[in-house]
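Excluded from the calculations below are hydrogen atoms, water molecules and symmetry mates; all remaining heavy atoms, backbone and side chain alike, are included.
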Amino acid sequence: QVQLVESGGGSVQAGGSLSLSCVPSMYTLSTNCMAWFRQGPGKEREGVAAISPSGTTTFYSNSVKGRFTISRDNANTVNLQMDSLIPEDSAIYYCAATAYVCDKADWFRLAQYNSWGQGTQVTVSS
């Protein structure tokens, strides 16, 4: 199981931008699909975006499509650029990884991922 470490969270006003990064705490060959999830106060954890190892395949939730961009610097480092932030984006953001391939039908399912970070807080004020 890979240990993941997120960074880059913080507070911003609506309309602003933040960038998150996720790196494994140790070198690993087992990472395939990597993703970002988030959990707002009183809400269930939900998938935000996912990306394949090459970066050529990406998936986004409808709520962030067109505003967030997921990218991969190398096979094991994943970033999330968040633009045009709105208060509803406020949540703890988690990085996740799996040995499985990113799939349109499953990328947003928590059970697909066996490695998680501790989370980083994102707060968007109106």
Side-chain angles (χ1 to χ4, degrees):
Q1 190 171 2
V2 177
Q3 296 297 317
L4 304 171
V5 181
E6 304 100 336
S7 62
S11 298
V12 66
Q13 288 191 327
S17 299
L18 284 173
S19 181
L20 306 181
S21 292
C22 171
V23 297
S25 60
M26 64 182 68
Y27 178 75
T28 177
L29 295 175
S30 63
T31 320
N32 195 320
C33 185
M34 296 188 75
W36 288 96
F37 285 74
R38 67 185 183 186
Q39 187 166 16
K43 297 182 180 180
E44 295 185 352
R45 193 172 298 190
E46 63 175 357
V48 174
I51 189 167
S52 63
S54 65
T56 56
T57 300
T58 57
F59 299 100
Y60 294 93
S61 67
N62 289 333
S63 61
V64 307
K65 195 174 296 183
R67 300 187 298 118
F68 290 12
T69 304
I70 191 169
S71 62
R72 207 150 171 174
D73 291 340
N74 55 52
N76 294 320
T77 301
V78 64
N79 307 299
L80 186 68
Q81 178 64 38
M82 305 183 293
D83 298 318
S84 301
L85 284 161
I86 59 178
E88 290 75 15
D89 294 321
S90 296
I92 299 175
Y93 283 71
Y94 297 91
C95 179
T98 178
Y100 293 108
V101 174
C102 289
D103 182 86
K104 183 178 181 179
D106 297 316
W107 73 266
F108 50 88
R109 302 186 192 280
L110 276 68
Q112 287 291 107
Y113 300 86
N114 59 355
S115 295
W116 292 85
Q118 294 299 307
T120 185
Q121 178 71 49
V122 170
T123 303
V124 184
S125 58
S126 58

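Taking 4.5 Å as the limit, some side-chain heavy atom of T120 sits within range of a side-chain heavy atom of Y93.
Annotation: salt bridge (Lys or Arg N to Asp or Glu O under 4.0 Å) contacts involving residues 116-126, sequence neighbours excluded, are absent. Evaluation of the disulfide (SG to SG under 2.5 Å) test over residues 33-67, restricted to residues two or more places apart or in two chains, returns C33-C102. Here salt bridge (Lys or Arg N to Asp or Glu O under 4.0 Å) pairs that include residues 41-58, with residues two or more places apart or in two chains, are R38-E46. Evaluation of the side-chain hydrogen bond (donor to acceptor under 3.5 Å, both in side chains) test over residues 101-111, restricted to residues two or more places apart or in two chains, returns D106-R109. Residues in residues 55-64 take part in no salt bridge (Lys or Arg N to Asp or Glu O under 4.0 Å) pair, two or more places apart or across chains. Pairs engaging residues 114-124 under the salt bridge (Lys or Arg N to Asp or Glu O under 4.0 Å) rule: none recorded [sequence neighbours left out].
With sequence neighbours left out, V12 forms a side-chain contact (heavy atoms from CB on, under 4.5 Å) with L18, L85, V124. In this structure I92 satisfies the side-chain contact (heavy atoms from CB on, under 4.5 Å) test together with Y94, Q121, sequence neighbours excluded. With sequence neighbours excluded, the residues forming a ring-ring contact (aromatic ring centres under 6.0 Å, His included) with F37 are Y113, W116, listed by chain and number. For S19, the side-chain contact (heavy atoms from CB on, under 4.5 Å) test picks out Q81, with sequence neighbours left out. Scanning for ring-ring contact (aromatic ring centres under 6.0 Å, His included) contacts around Y60 gives an empty result, with sequence neighbours left out. Applying the side-chain contact (heavy atoms from CB on, under 4.5 Å) rule to T56 yields the partners S52, S54; only residues at least two apart in sequence or on another chain are considered.
A donor atom on one side chain and an acceptor atom on the other are found under 3.5 Å apart for S17 and D83.
Side-chain atoms of E6 come within 3.5 Å of backbone atoms of Q118 as a donor-acceptor pair (strictly under, hydrogens ignored). The backbone N or O of G55 lies less than 3.5 Å from no partner atom in the side chain of R72, so there is not a single donor-acceptor pair.
Summarising the geometry of T98 relative to N114, their closest heavy-atom pair is CA-OD1, 3.8 Å, with the distance given to 0.1 Å. Here the shortest heavy-atom pairing between A97 and M34 reads CB-CG, 4.1 Å. Closest non-hydrogen pair, L4 versus C22, comes out as CB-SG, 3.9 Å. Annotation for P87 and A14: closest pair CD-CB, 4.2 Å, computed over non-hydrogen atoms.
Placement of W36 and V5 in two distinct hydrophobic clusters is found when ILVMFWY residues are connected by side-chain heavy-atom separations under 4.5 Å, directly or transitively.
We find the CZ-CG distance between F68 and L20 to be 8.5 Å, quoted to the nearest 0.5 Å. Distance check: Q3 CD to C95 SG gives 11.5 Å after rounding to the nearest 0.5 Å. For the atom pair OG1 of T69 and CG of L80, the computed distance is 8.0 Å after rounding to the nearest 0.5 Å. In this structure, I86 CD1 and S84 OG are separated by 9.5 Å, a value rounded to the nearest 0.5 Å.
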